[in-house]
Protein chains: 2
Amino acid sequence: MSNRSNITKQKLLDAATDIIMNQGIHHLTLDEVAKVAGISKGGLLYHYASKEALLTAIVERLQQEQNDLYASLQREGYGPVEAFVRLFDETNLHPERATIQIDVEKMIAFLTLFAVDQEYANRWKHDLDTFFEQFQKTADPVETMIIRYALEGMMMSEHFEVGVPPVELKQAVIARLIERAHDIDRQS
Amino acid sequence: MSNRSNITKQKLLDAATDIIMNQGIHHLTLDEVAKVAGISKGGLLYHYASKEALLTAIVERLQQEQNDLYASLQREGYGPVEAFVRLFDETNLHPERATIQIDVEKMIAFLTLFAVDQEYANRWKHDLDTFFEQFQKTADPVETMIIRYALEGMMMSEHFEVGVPPVELKQAVIARLIERAHDIDRQS
DNA sequence: GAACACAAACCGTCTGGTCGGTACAAAAGA
DNA sequence: TCTTTTGTACCGACCAGACGGTTTGTGTTC
C-alpha cells in the first residue's frame with residue numbers, strides 16, 4: 001500500500017469521524033464523506049469497498065487510539081482503575097495535552113454508531129469484556145464497578161446534554177472518583 | 001376518539017416499541033411497524049400523520065410510564081434518590097412486579113432513539129434537567145451524582161452487553177447504591 | 001349516509017453500490 | 001532511448017432498492 005493511498009485513507013476516516021461528531025450518525029452517507037474528504041465517491045469506494053468496511057476501519061482506528069492512550073497513562077505510573085478514570089478527563093487534568101481529549105469526544109460520538117447497529121459494537125465488545133474482567137479482581141470490585149459505571153454514565157449525560165451539573169460539581173465528582181480509584185489500586 | 005381507534009393506536013405504539021427493543025432503531029420503518037402491528041401502512045399514517053408523530057407518541061407514553069413508576073415508588077416511602085435507584089431494578093428487588101421492568105428495558109432501548117436524533121432527546125431533556133436539579137441539593141451532591149451516573153452507565157452496559165459482570169456482582173453494586181442512596185435521603 | 005377506520009397501489013427522494021473510463025507512473029520490451 | 005504495457009488511484013454518471021408519504025378506494029359504525 002503506497003503512501004499516497006494511506007494519506008487518502010486517513011483523509012476519508014477523518015472526514016467520516018468529523019461528520020459523526022459534528023453532524024450526527026444519520027448524516028454519515030458515502031456522498032457526504034466523499035464531499036468532506038474532497039474525494040469522489042468512486043475514490044472512496046476504491047479504498048473502502050462498502051460503507052461497512054469504512055465504519056469498521058473507523059472503529060478500529062478509534063480502538064487503537066484509546067488503547068494507546070490508556071497504555072501511556074499506565075506507563076506514567078497510574079494503576080489500572082485510576083488510569084481508566086483519567087482516560088475520561090485528561091483535558092481537565094492536563095490542559096496542556098488538550099489534543100487527546102479528542103479521542104474521548106470521538107468515543108462518545110461513536111456510541112451513536114453502536115446504538116444504531118449492534119454489529120459495530122460487537123467489534124469492540126470482546127476487547128472490552130476482557131478489559132473489564134480485571135476490574136472484577138480489584139481490592140473492591142463493587143466500588144470499582146461503580147466507578148466504571150459512573151464514568152460511562154457521565155459520558156452519556158455529557159454527550160446528550162441531559163441533566164448536566166455545574167462544572168464545579170462535575171469536577172468534584174471526578175476528583176472523588178480519582179481518589180477512590182487511587183485507593184483501590186493501592187490496595188490491589 | 002373512539003375506543004377502536006385507541007386500541008389500534010396502542011397496537012401501533014406497542015409494535016414500534018417492540019421493533020426498537022428487538023430489532024434496533026434502524027429497522028424502525030413505517031412498513032415494518034405496520035406489518036408487526038398487523039395494520040396497513042395507510043392505517044398507520046391515518047393515526048400518526050408522520051413518522052415523527054409516531055416517535056413523539058412513543059416517547060411521550062414512555063415518559064408517562066416512567067413518571068408514574070417513580071411517583072409510585074415515592075408514595076411507598078422511598079426518598080428521591082433511593083426511588084431513583086429502585087427505578088432501575090424493580091424486578092430484582094420485587095420479582096412479583098416483573099411487568100414494570102419492561103419499562104426500564106424500554107427506556108434503555110430508547111436511548112438508541114436519542115442517539116440517532118437529538119431532536120427526540122430534546123423532548124425529554126427539559127424534564128430530565130429539572131428532575132436532576134434536585135439531585136444537586138441533597139446532603140451529598142457529589143455522591144448523589146455518582147449514584148445517578150453509575151445507574152445510567154449500568155444501563156448502557158447492560159443494553160450493549162459490554163463488560164457485563166456476574167449477576168452477584170451486579171446485585172452487590174445495586175445493593176451498595178441503594179444503601180448510599182438511603183443514607184443520602186435520610187440526611188437530606 | 002356521513003364520518004370514521006382502514007387497505008393498497010403508487011410516487012419521489014435518498015442512498016449504497018456498480019461500472020466504464022481517465023491520469024499517470026513504473027515496469028517491460030524494442 | 002523510445003514505445004508499450006500494466007497497475008494504481010480516482011472520477012462521475014448511473015442504477016436499484018428502501019423508505020416516508022400521498023392518494024384513492026372500501027368496509028364499518030353510528
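Residue numbers begin at 1 in each chain, while the letters A, B, ... track the order of the sequences.
Distance B:Leu55 CG to D:dG21 P: 10 Å, rounded to the nearest Å. Across the protein-nucleic acid pair, A:His26 atom NE2 and C:dT15 atom P stand 10 Å apart, rounded to whole Å. Taking atom NZ of residue A:Lys11 and atom P of nucleotide D:dA9, one finds them 13 Å apart after rounding to whole Å. Distance NE2 (B:His47) to P (D:dG20): 18 Å, rounded to an integer number of Å. Per the geometry, NZ belonging to A:Lys41 stands 7 Å off P belonging to C:dG16, to the nearest Å. The CG-C1' distance, from A:Leu45 to C:dG21, rounds to 16 Å in whole Å. The CG atom of B:Asn6 sits 11 Å away from the P atom of C:dC6 (whole-angstrom rounding). What separates CD of A:Glu52 from C1' of C:dG17 is a distance of 14 Å, to the nearest Å.
Of the candidate nucleotides D:dT22, C:dG16, C:dC6, C:dG16 has the atom lying nearest to any side-chain atom of A:Asp31. With D:dC10, C:dG17, D:dG20 as the candidates, the nucleotide lying closest to the side chain of A:Leu30 is C:dG17.
Looking at B:Ser188, its side chain does come within 3.5 Å of a backbone N or O of B:Ala139 through a donor-acceptor pair. Between the side chain of B:Asp140 and the backbone N or O of B:Ile184 there is no donor-acceptor pair closer than 3.5 Å.
Defining each end axis of the helix from C:dG1-D:dC30 to C:dA30-D:dT1 as the rotation carrying four pairs' C1' atoms onto the next four, with five pairs an end, the two axes are found to diverge by 20° to 10 degrees.
Using a 4.0 Å heavy-atom distance criterion, A:Ile39 is classed as a sugar-phosphate-only contact.
One finds no side-chain N or O of B:Thr8 lying less than 4.0 angstrom from the OP1 or OP2 phosphate oxygen of C:dA5. Look at A:Tyr46 and you won't find any side-chain N or O under 4.0 angstrom from OP1 or OP2 of D:dC10. B:Thr29 has no side-chain polar atom (N or O) that falls below the 4.0 Å cut-off from OP1 or OP2 of D:dA18.
Under the 4.0 Å criterion applied to side-chain N and carboxylate O atoms, A:Lys9 and A:Asp14 are not assigned as salt-bridge partners. Checked for salt-bridge contact, A:Glu143 and B:Arg180 meet the test: a charged N lies under 4.0 Å from a carboxylate O.
Proximity of the aromatic rings of A:Phe135 and A:Tyr149 is defined here by a centroid distance below 6.0 angstrom, and this criterion is not met. The aromatic ring centroids of A:Phe84 and A:Phe131 lie less than 6.0 Å from each other.
Put simply, B:Leu169 and A:Leu128 are part of the same group of oily side chains (I, L, V, M, F, W, Y) that touch within less than 4.5 Å, one to the next.
If you check distances only, the side chain of B:Lys51 never reaches the base of D:dG21 with a donor-acceptor pair under 3.5 Å.
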